[in-house]
**Q** 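To start, I am sharing the structure in question, which I have written as structure tokens.
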Amino acid sequence: MSETDPRRWKALVFIALAQLMVVLDATIVNIALPSAQQDLGISDGNRQWVITAYALAFGGLLLFGGRIADLWGRKRTFVVGLIGFAAASALGGAATGEALMLGARALQGAFGALLAPAALSLLAVMFTDTKERAKAFGIYGAIAGGGGAVGLILGGFLTEYLNWRWTFFVNIPFAIVAAVGAYLVIREPAGGRNRSPLDIPGVVLSTLGLVTLVYGFTRAESEGWSDATTIGLFVGSAVLLAAFVLTEAKVKSPLLPLRVLTERNRGGVYLSLGLAVIAMFGLFLFLTYYLQIVKGYSPVRTGFAFLPMIAGMIVGSTQIGTRLMTRVPPRWLMGPGFLTAGAGMLLLTQLEIGTSYAGLILPAQLLLGLGMGTAFMPAMSLATHGVDPRDAGVASAMVNTSQQVGGAIGTALLNTIAASATTAFLTDNAAGATTPAAQQLLQLQGMVEGYAAAIWWAVGILVVSAAIAVTFINTGKPGAGAAAGSGTGNGTGAGTGEGVEDEVKIPVIVH
């Protein structure tokens, strides 16, 4: 699609709609899970697989999905991903038992792994003018950041007033509209395919390595870090990923050329964004439990309680990020953005049973949303920094992979920290709770104590994320020329209009 083709903005509508659907699905099912579990007779031990099956397929297949997008073409991959996601959602909504539900969730994850990198890479190759690119990625970043909270609201409404099955069926109209619109509107630039042979050993090793890693963290959450199988999964993942790195260094057409990760700007984005997502789970996880269990909010009311964060993300991404991206280097948006989000998290460490929503939770969410929105926007754009259009799919997959793995780590790590702090608090204070009322109060105090302890870790992680962004990312503010993603493929930013200080003179093909 040429720079002057007016249809690129129409295309953005359908790309954003597809992204919203994928992000919504990550949280909408959480709200519906208790009802679905009861209807389908899923045991407590297996209920986590409704979430885990999706996460494993999505996280494990993202690199493969990005490479398929480069090979088939992003438009075709995008449409196939949408149709497949809709079909898998229909299966999930119609599930009559545990096996069909888990299979549908794995299929959703697999098609999501096609869809997500294709969507981001389409933006990278269609929006090459610096100012237009800033606006497009601002919108995309706001949806990527705020969609999860929208999922809590929508999931609450559908579960409370209709039926849990509608949390799956709702994806179908989203997918059909986005697929038809994309088919009619999107045109890819010529020469955007990468027809190199598929790196089958790389596909197998990366998929198995990532699936094992994500499952290791998921198991750590339920079985503990010292569990023999958990340790075995981490060791196995390390071996598989090390073998993947060795393979990629030797094969002619690697799935993930290693020079992608050695380009400091993209490497900095993947690392800082992955860490920030770990911290984000601190908010979604613990604030959801706090509002529903401690404060007694209904699912719908809980969803609405997250609206200030969505508003903050939209403002941070479309107003602050978009307006400043063409004026200041990306690190001076990402670093302060993560620190602002950290300040919001810092407020939440003060949570108590009687904490006022308006006095503490609302301003904390606003700060977190503003900070994340401001940081996400340049991060999404830099994911394809200096990359040849033929490799935009793999580059986009890497940023999705860092987020997916970050989410899995965040859930396990922060849940474990919270559970340990709660147990320690209950042990230390059990003697004083002699009546049922006192014991119930102690349980609530212990939960809040656990959330606060985990959120302290989230604050620290966001500070580290900011430090990485400021240290690693050294590209200057975008010039008036073409943006990253329309470069010559030398990976140094040449031809992209982005001045790079201390440029790394390494040829790169983004993952």
Side-chain angles (χ1 to χ4, degrees), residues 52 55-68 70 109-110 113 117 194 196-221 223-275 277-278 383 387 391 393-413 416 461 464-465 468 472 491 504 506-511:
T52 305
L56 290 180
F58 191 87
L61 293 170
L62 269 167
L63 284 176
F64 180 51
R67 180 66 182 85
I68 289 292
D70 290 333
N194 182 345
S196 303
L198 199 58
D199 169 22
I200 300 298
V203 170
V204 173
L205 288 169
S206 68
T207 301
L208 288 176
L210 287 170
V211 164
T212 307
L213 181 65
V214 172
Y215 182 42
F217 277 105
T218 303
R219 187 179 172 87
E221 181 189 353
E223 304 297 329
W225 298 92
S226 58
D227 175 70
T229 306
T230 303
I231 294 168
L233 286 166
F234 285 131
V235 171
S237 171
V239 170
L240 287 164
L241 292 175
F244 171 65
V245 170
L246 289 172
T247 301
E248 299 308 274
K250 294 180 187 245
V251 296
K252 185 178 178 183
S253 303
L255 177 70
L256 174 60
L258 299 183
R259 52 189 179 266
V260 171
L261 302 178
T262 58
E263 203 282 310
R264 62 188 295 166
N265 292 287
R266 287 192 303 275
V269 166
Y270 304 147
L271 192 54
S272 63
L273 203 56
L275 286 170
V277 169
I278 292 176
V387 175
D391 301 305
V394 194
S396 305
M398 191 62 202
V399 75
N400 280 289
T401 301
S402 69
Q403 291 180 77
Q404 193 66 24
V405 173
I409 294 171
T411 304
L413 179 66
T416 306
I461 290 168
V464 172
S465 205
I468 289 170
F472 278 64
V504 181
I506 302 173
V508 294
I509 301 173
V510 164
H511 81 265

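Along the sequence shown, residues are numbered consecutively beginning with 1.
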**Q** To check you understand the geometry: which heavy-atom pair defines the closest contact between E248 and L255, and what is its length?
**A**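 In terms of heavy atoms, the two residues are closest at OE1-N, 2.7 Å.
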**Q** Do W225 and I231 come close enough that some side-chain heavy atom pair is under 4.5 Å?
**A**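 No, every pair of side-chain atoms sits at 4.5 Å or beyond.
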**Q** How long is the straight-line distance from CG of L246 back to CG of L205, given to the nearest 0.5 Å?
**A** 9.5 Å
**Q** Side chains of L241 and S237: does their closest heavy-atom pair fall under 4.5 Å?
**A** yes
**Q** Do you know the tightest heavy-atom contact between I468 and G268?
**A**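 Closest approach of I468 to G268, heavy atoms only: CG2-O, 4.0 Å.
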**Q** Salt bridge (Lys or Arg N to Asp or Glu O under 4.0 Å): which pairs involve residues 236-247, sequence neighbours left out?
**A**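 Counting only pairs at least two positions apart or across chains, no salt bridge (Lys or Arg N to Asp or Glu O under 4.0 Å) contact touches residues 236-247.
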**Q** Kindly say whether V204 contributes a backbone atom to a donor-acceptor pair with the side chain of T207 at under 3.5 angstrom?
**A**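 It does not hold such a pair.
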**Q** Using the side chain to side chain contact (heavy atoms under 4.5 Å, CB included) rule, take L208 and F244 through it: C-alpha gap first, then chi angles, then the decisive distance, then the call.
**A** CA-CA 10 Å; L208 288 176; F244 171 65; over 6 Å; no
**Q** Got I278 and L275 here, is their nearest side-chain heavy-atom distance under 4.5 Å?
**A** yes
**Q** If I take atom CG from residue L233 and atom CG from residue D227, how far apart are they, to the nearest 0.5 angstrom?
**A** 8.5 Å
**Q** Among all residues two or more places apart in sequence or in another chain, which pass the ring pair (Phe, Tyr, Trp, His ring centres under 6.0 Å) test with F472?
**A**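 Not a single residue meets the ring pair (Phe, Tyr, Trp, His ring centres under 6.0 Å) criterion with F472.
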**Q** By side chain to side chain donor-acceptor pair (under 3.5 Å), which residues pair with T212, not counting sequence neighbours?
**A** none
**Q** Going through the checks in order, is the side chain to side chain contact (heavy atoms under 4.5 Å, CB included) test met by L271 and S402?
**A** CA-CA 7 Å; L271 192 54; S402 69; over 6 Å; no
**Q** Heavy atoms only: give me the nearest S206-V203 pair and the separation to one decimal.
**A** OG-O, 3.2 Å
**Q** What I'd like to find out is whether the side chain of L62 reaches to under 4.5 Å of the side chain of P117, using heavy atoms alone.
**A**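 With C-beta onward as the side chain, the pair touches.
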**Q** Would you call D199 and S253 a side-chain contact if the rule is heavy atoms closer than 4.5 Å?
**A**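 They are not in side-chain contact.
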**Q** May I ask you to test the N265-V269 pair for a side-chain heavy-atom distance under 4.5 Å?
**A** no
**Q** Should F234 and L213 count as side-chain neighbours, where that means a heavy-atom distance under 4.5 Å?
**A**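 Side chain of F234 against side chain of L213, heavy atoms only: contact under 4.5 Å found.
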**Q** Any non-hydrogen side-chain atom of I68 less than 4.5 Å from a side-chain atom of F64?
**A** yes
